[in-house]
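Below is one structure, written out as structure tokens; comments come after it.
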There are 2 protein chains.
Amino acid sequence: MVCPVTKIISAIKQPTRKQRELLQREELIMDTAQAMVYEHGYGHLSMDRVAEATEYSKGTIYNHFSSKEDLVCSLCCRSIKNLIDIFERAYQYEGSTRERYSAIGIGYSLYNQLHAMDAQNIQTVKNNAVREKVSEEKLVEMESLEHNINKIAQSIVQEAIDCGDLDKKHQDNVGTIVFGCWSMHYGAMLLDQSDMPLNKLGFSPVVNMLWENSNIYLDGYQWQPLSKDTDSKKLFNEISSALFDDEIALLKQSS
Amino acid sequence: MVCPVTKIISAIKQPTRKQRELLQREELIMDTAQAMVYEHGYGHLSMDRVAEATEYSKGTIYNHFSSKEDLVCSLCCRSIKNLIDIFERAYQYEGSTRERYSAIGIGYSLYNQLHAMDAQNIQTVKNNAVREKVSEEKLVEMESLEHNINKIAQSIVQEAIDCGDLDKKHQDNVGTIVFGCWSMHYGAMLLDQSDMPLNKLGFSPVVNMLWENSNIYLDGYQWQPLSKDTDSKKLFNEISSALFDDEIALLKQSS
DNA sequence: GAATAATATGACGAAACGTCAAAAAATGTC
DNA sequence: GACATTTTTTGACGTTTCGTCATATTATTC
């Protein structure tokens, strides 16, 4: 159940050559696994295949990841780190609190469209039968990452309250507001996944519905400036191109 | 890949003795599988164990369900049928369109709290790796059920528009509105599932957040009467006890 | 350069899936 | 009721994959 290598790696400050090699190999294993999932689906991912593809033995793979599920969870952690990066970019956006919060939602949609498999991995790990087999350490890591990403969203809501864009009466509802958007986006992403056929060029129709719905929702909280007093279509495009130009390009290219 | 027995059963109008026996056995298998998941988790469900517990051979089980995933999907279909029943009760509720629509949400929350494992099964089947192994027929059945349940929600929205509770300008957004609530509830349910520790007596805190959020959301659509002009806490209790008294009792009892 | 510690390997046992030839039961025919 | 034919059931079998562990290999220390 314990991963000797992981334990060593996690305690690193200034990595030695040896440790760099281990880290590098860990990356290689993860990249290989990810490619496998991307190309042939989750069902085709097996430890034996990963071992063969990386040209290491199975035992070595197990030195890095205590189980197949642990490996998938590691992929999730990497995805969440990518999401954190996106959330941070949204946080830095020069605009109203409302716009910055919306930017998070757009970034989230974008990421999930670009990396549908990542979303699928996260969904896989959320499943209790899978979760059970993930090592304690890795679960802790994931929870910590999820906590951090949540924090970013919460701070924007808090700032909105502080500057008056959101009424002070919502002070105790910061969690609820974030939870609302989170669940809506999370649910939409998962529902979208089952209906894969609808992937047209650019954003999927689900993204548009989601954008409308989140605006309605935030208007419901009277978060200023209201979307009904704004050109929300235009805002969507502005935010997309200001923050996520590279991703948009990729999206257009891949369709 | 084909299930001989299922094929026979599905074409039944007036079941003969033989067919009744097959149906009955199918129920037995499903009940056994469900109990297994409930008691020891999804990971403990195996076809061999089901065969042993039902005292039929594995081959016979496979005559009914073409794969383990097919069996789980059948459990999902049963859950969705239960949900349809709940949605229909909500549809019949004597109250404003807004209240009836809210009743759906409450029923959904309730069902998922009472049958957390059902929700987990649905989540499992949504996963592509699992979905791939479900027989075509079963997938069609599930999609049809999902379509029906969606229809119930959509008709309430439509009625709201027709009677003026919802502005006519939303005529083209019926799908979007239902999708919004659906994704929010679906996402909330899944997020709730990962945080199992928070199951206090009665409704989980997530249900409260969800209730608040859906009200805000529907207020955003200006769906009359607005929750901010109503005692929404009271409404929640009224709907719960009017429609879901039995379920509430079960919920209190199980905590 | 030898002794010791760390790491890598792949053969192995266990668990589970799904199949299929043969056995058993049910049904039909005379 | 006896025999033939069809349907259904059975469980042994082949296959895949998991995760382990004794052994082999490599690295490090003295």
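Computed over heavy atoms, backbone and side chain alike; hydrogens, waters and symmetry mates excluded. Within every chain, numbering begins at 1; the chains are lettered A, B, ... in the order of the sequence lines, protein sequences first and strands thereafter.
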>> Between Glu146(B) and Lys151(B), is the salt bridge (charged side-chain N to carboxylate O under 4.0 Å, His left out) condition met? List the steps.
In response: CA-CA 9 Å; Glu146(B) 281 175 340; Lys151(B) 207 100 180 259; over 6 Å; no
>> Set out, in order, the CA-CA distance, both residues' side-chain angles and the distance that settles side-chain hydrogen bond (donor to acceptor under 3.5 Å, both in side chains) for Asn82(A) and Tyr111(A), then state yes or no.
In response: CA-CA 9 Å; Asn82(A) 291 336; Tyr111(A) 185 80; 3.1 Å; yes
>> Classify the ring geometry of His185(B) against Tyr108(B): parallel below 30°, tilted from 30° to 60°, perpendicular beyond 60°.
In response: perpendicular
Spacing of [X] atom [atom1] relative to [N] atom [atom2], expressed in whole Å:
X	N	atom1	atom2	answer
Tyr62(A)	dC21(D)	OH	P	13 Å
Asn63(B)	dA25(C)	CG	P	16 Å
Lys68(A)	dT17(D)	NZ	P	8 Å
Lys133(B)	dT16(D)	NZ	P	13 Å
Leu22(A)	dA27(D)	CG	C1'	13 Å
Asp70(B)	dC17(C)	CG	P	13 Å
Leu71(A)	dT17(D)	CG	P	15 Å
Ile61(B)	dG11(D)	CD1	C1'	13 Å

> Of the nucleotides dT20(D), dT9(D), dT7(C), which has the atom closest to the Arg25(B) side chain?
Replying inline: dT9(D)
> Out of dG18(C), dT9(C), dG19(D), which nucleotide sits closest to the side chain of Ser67(B)?
Replying inline: dG18(C)
> Is the charged tip of Arg89(A) near the ring of Phe244(A): under 6.0 Å from the six-membered ring centre and within 45° of its axis?
Replying inline: no
> Measuring from Glu141(B):CD to Ile80(B):CD1, what's the distance to the nearest 0.5 Å?
Replying inline: 9.0 Å
>> With salt bridge (charged side-chain N to carboxylate O under 4.0 Å, His left out) as the criterion, how do Lys68(A) and Asp48(A) come out once you've worked through the C-alpha distance, each side chain's angles and the decisive distance to 0.1 Å?
In response: CA-CA 10 Å; Lys68(A) 179 182 165 181; Asp48(A) 290 84; over 6 Å; no
> Near DNA chain C, under 4.0 Å by heavy atom, which residues of residues 34-59 of chain A?
Replying inline: Tyr56(A), Ser57(A), Gly59(A)
